[in-house]
Amino acid sequence: MISQFFDRIEVKKQHREFVTHTGSIGKKRFTVVSSGIGADNVEIVMTELDAVRNIDLKRREPLSGLNPLKIIRIGTSGSLQQDIPLGSVVASSAGVGLDGLLDFYATDESLWAPEFCAEIRQTLQLRLQPYAVEASTPLLNGITSRLIPNLYTGITLTCPGFYAPQGRALRLSPQVPNSISLLQQFSWNGNRITNFEMETAAYYLFGKLLGHEMLSLSAIVANRVSNEFASEPEKIVQKLIRDTLDWLVA
């Protein structure tokens, strides 16, 4: 979906759900990688992208100095606010992770907004400890300066599943049936929770831990407050891709 807009494609590789295309638009070179669904896949993608960039793969030793990447996630999402309509875009000022990944890494918990996350934890009656991570400030400022129509900023909640974690019920009921309305009440650093999906916070977590610039852009294909769903979500995603590439090559 993205590399069709490249002027030239150098490499196409695929292993399971991880598809990688490297190419260029004009003089700018890009690598596009699909992560599949979920924070567990994001851990694989971010760890191995960093390894390619910052580890001598023959000697199996870290390189001297940091070689940071600029990484833009493009994906789909559901809005948690009535006024964020179908077809809009959310640039995530921060991500809140409910996936538990942070528990497995040695880090200072005070870095991940523990007081704000404690409120989320209590509201959703969680056993795990959420974490919150802010986006790359230069990348966030860069996209917001582009005046893209229907662009919103706010906090993205990253869920560890598609059904109960996002307030859906088939034969199994969520622990907190009114989670969507409860999440609308939160804010952090002046930003409300705008949307949820399944990857953003994990990208931000590993971006922060590994020293890479990270920004997540979400095409809004559902509004969970009004129960509206896009009839042609592919067109919304295609527009986001074009707007993002125009920004990156400008």
Side-chain angles (χ1 to χ4, degrees), residues 1-9 21-35 42 45-46 49 68-96 132-158 187-208 211-223 228 230 232-250:
M1 293 181 71
I2 296 176
S3 66
Q4 66 178 309
F5 300 111
F6 288 1
D7 296 330
R8 184 169 64 96
I9 298 176
H21 291 184
T22 295
S24 56
I25 302 175
K27 295 182 179 180
K28 290 206 173 181
R29 195 162 176 258
F30 300 90
T31 289
V32 185
V33 184
S34 65
S35 69
V42 171
V45 169
M46 289 294 288
L49 280 176
L69 293 164
K70 292 182 179 180
I71 303 172
I72 312 293
R73 174 221 178 238
I74 296 177
T76 58
S77 184
S79 169
L80 284 169
Q81 300 292 340
Q82 180 78 43
D83 63 315
I84 300 180
L86 303 181
S88 58
V89 174
V90 170
S92 302
S93 58
V96 175
V133 197
E134 292 184 296
S136 159
T137 298
L139 290 180
L140 184 62
N141 290 343
I143 192 67
T144 54
S145 68
R146 289 289 296 175
L147 300 177
I148 295 174
N150 291 322
L151 177 69
Y152 296 79
T153 60
I155 301 168
T156 297
L157 189 70
T158 294
S187 66
W188 179 45
N189 290 345
N191 292 286
R192 57 184 177 166
I193 298 178
T194 48
N195 61 312
F196 55 12
E197 41 75 90
M198 297 175 65
E199 292 89 28
T200 290
Y203 273 119
Y204 283 16
L205 173 65
F206 286 97
K208 185 77 170 180
H212 303 296
E213 292 188 55
M214 185 73 231
L215 177 66
S216 177
L217 303 176
S218 295
I220 299 301
V221 297
N223 186 301
E228 295 177 285
E232 296 181 299
E234 297 84 2
K235 290 185 178 180
I236 299 173
V237 175
Q238 286 280 4
K239 184 179 185 306
L240 174 56
I241 290 170
R242 291 301 302 267
D243 287 342
T244 303
L245 290 175
D246 287 346
W247 163 49
L248 294 174
V249 300

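Numbers here are sequence positions counted from 1.
- The two residues Ala201 and Gly95 come nearest to each other via the heavy atoms CB-C, 3.7 Å.
- Of the inter-residue distances, the one linking Ser92 atom OG with Tyr204 atom OH reads 4.5 Å to the nearest 0.5 angstrom.
- Between Lys28 and Asp7 no salt bridge is recorded (no basic side-chain N to carboxylate O distance below 4.0 Å).
- Asn195 and Thr156 form a side-chain donor-acceptor contact under 3.5 Å, judged by distance and modelled atom types alone.
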- Message: Test side-chain contact (heavy atoms from CB on, under 4.5 Å) on Glu134 and Asn189; report intermediate values, then the result.
- Response: CA-CA 10 Å; Glu134 292 184 296; Asn189 290 345; 3.2 Å; yes
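- Shortest non-hydrogen contact noted between Ser93 and Asn191 is OG-CG, 3.4 Å.
- Atom CD1 in Ile74 sits 6.0 Å away from atom CG in Leu245 (nearest 0.5 Å).
- The side-chain heavy atoms of Ile220 and Val90, taken from C-beta on, include a pair separated by under 4.5 Å.
- The CG atom of Asp243 lies 10.0 Å from the CG atom of Leu217; values are rounded to the nearest 0.5 Å.
- Going from atom CE of Met214 over to atom CD1 of Ile72 covers 6.5 Å, rounded to the nearest 0.5 Å.
- Between Ile236 and Ala230, the shortest heavy-atom contact is CD1-CB, 3.6 Å.
- Of all heavy-atom pairs spanning Val32 and Phe6, the tightest one is CG2-CZ, 3.5 Å.
- Side-chain contact between Pro85 and Tyr152: present, with at least one pair of heavy atoms (C-beta onward) separated by less than 4.5 Å.
- Side-chain polar atoms of Gln81 and Asn223 form no donor-acceptor pair below 3.5 angstrom.
- Side chains of Thr31 and Thr22: a donor-acceptor N/O pair is present below 3.5 angstrom, by distance only.
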- Decide side-chain contact (heavy atoms from CB on, under 4.5 Å) for Leu151 and Ser88; before the verdict, give the C-alpha distance in whole Å, the side-chain angles of both, and the deciding distance to 0.1 Å. CA-CA 6 Å; Leu151 177 69; Ser88 58; over 6 Å; no
- May I have the step-by-step check of side-chain contact (heavy atoms from CB on, under 4.5 Å) for Ser136 and Leu215, ending in yes or no? CA-CA 6 Å; Ser136 159; Leu215 177 66; 5.5 Å; no
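- In this structure, the side chain of Ser77 engages the main chain of Phe196 through a donor-acceptor pair within 3.5 Å.
- Looking only at side-chain heavy atoms (C-beta outward), Leu248 and Phe30 come within less than 4.5 Å of each other.
- Rounding to the nearest 0.5 Å places CD1 of Ile84 at 5.0 Å from OG1 of Thr194.
- Put simply, the side chain of Arg73 does not reach to within 4.5 Å of the side chain of Val42, judged on heavy atoms.
- Although no hydrogens or angles enter the test, the distance criterion places a donor-acceptor pair under 3.5 Å between the side chain of His212 and the main chain of Leu69.
- Taking OG of Ser216 as the reference point, atom CD1 of Ile143 lies at 11.5 Å (rounded to 0.5 Å).
- Side-chain atoms of Glu234 and Lys239, non-hydrogen and from C-beta on, never get closer than 4.5 Å to each other.
- Salt-bridge check for Lys208 with Glu213: failed, with every basic side-chain N at 4.0 Å or more from each acidic carboxylate O.
- Ser218 and Glu197 share no side-chain donor-acceptor pair at under 3.5 Å.
- Closest approach of Val96 to Ala132, counting heavy atoms only: CG2-CB, 4.0 Å.
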- Check the pair Met1 / Val237 against side-chain contact (heavy atoms from CB on, under 4.5 Å), numbers first and verdict last. CA-CA 9 Å; Met1 293 181 71; Val237 175; 3.7 Å; yes
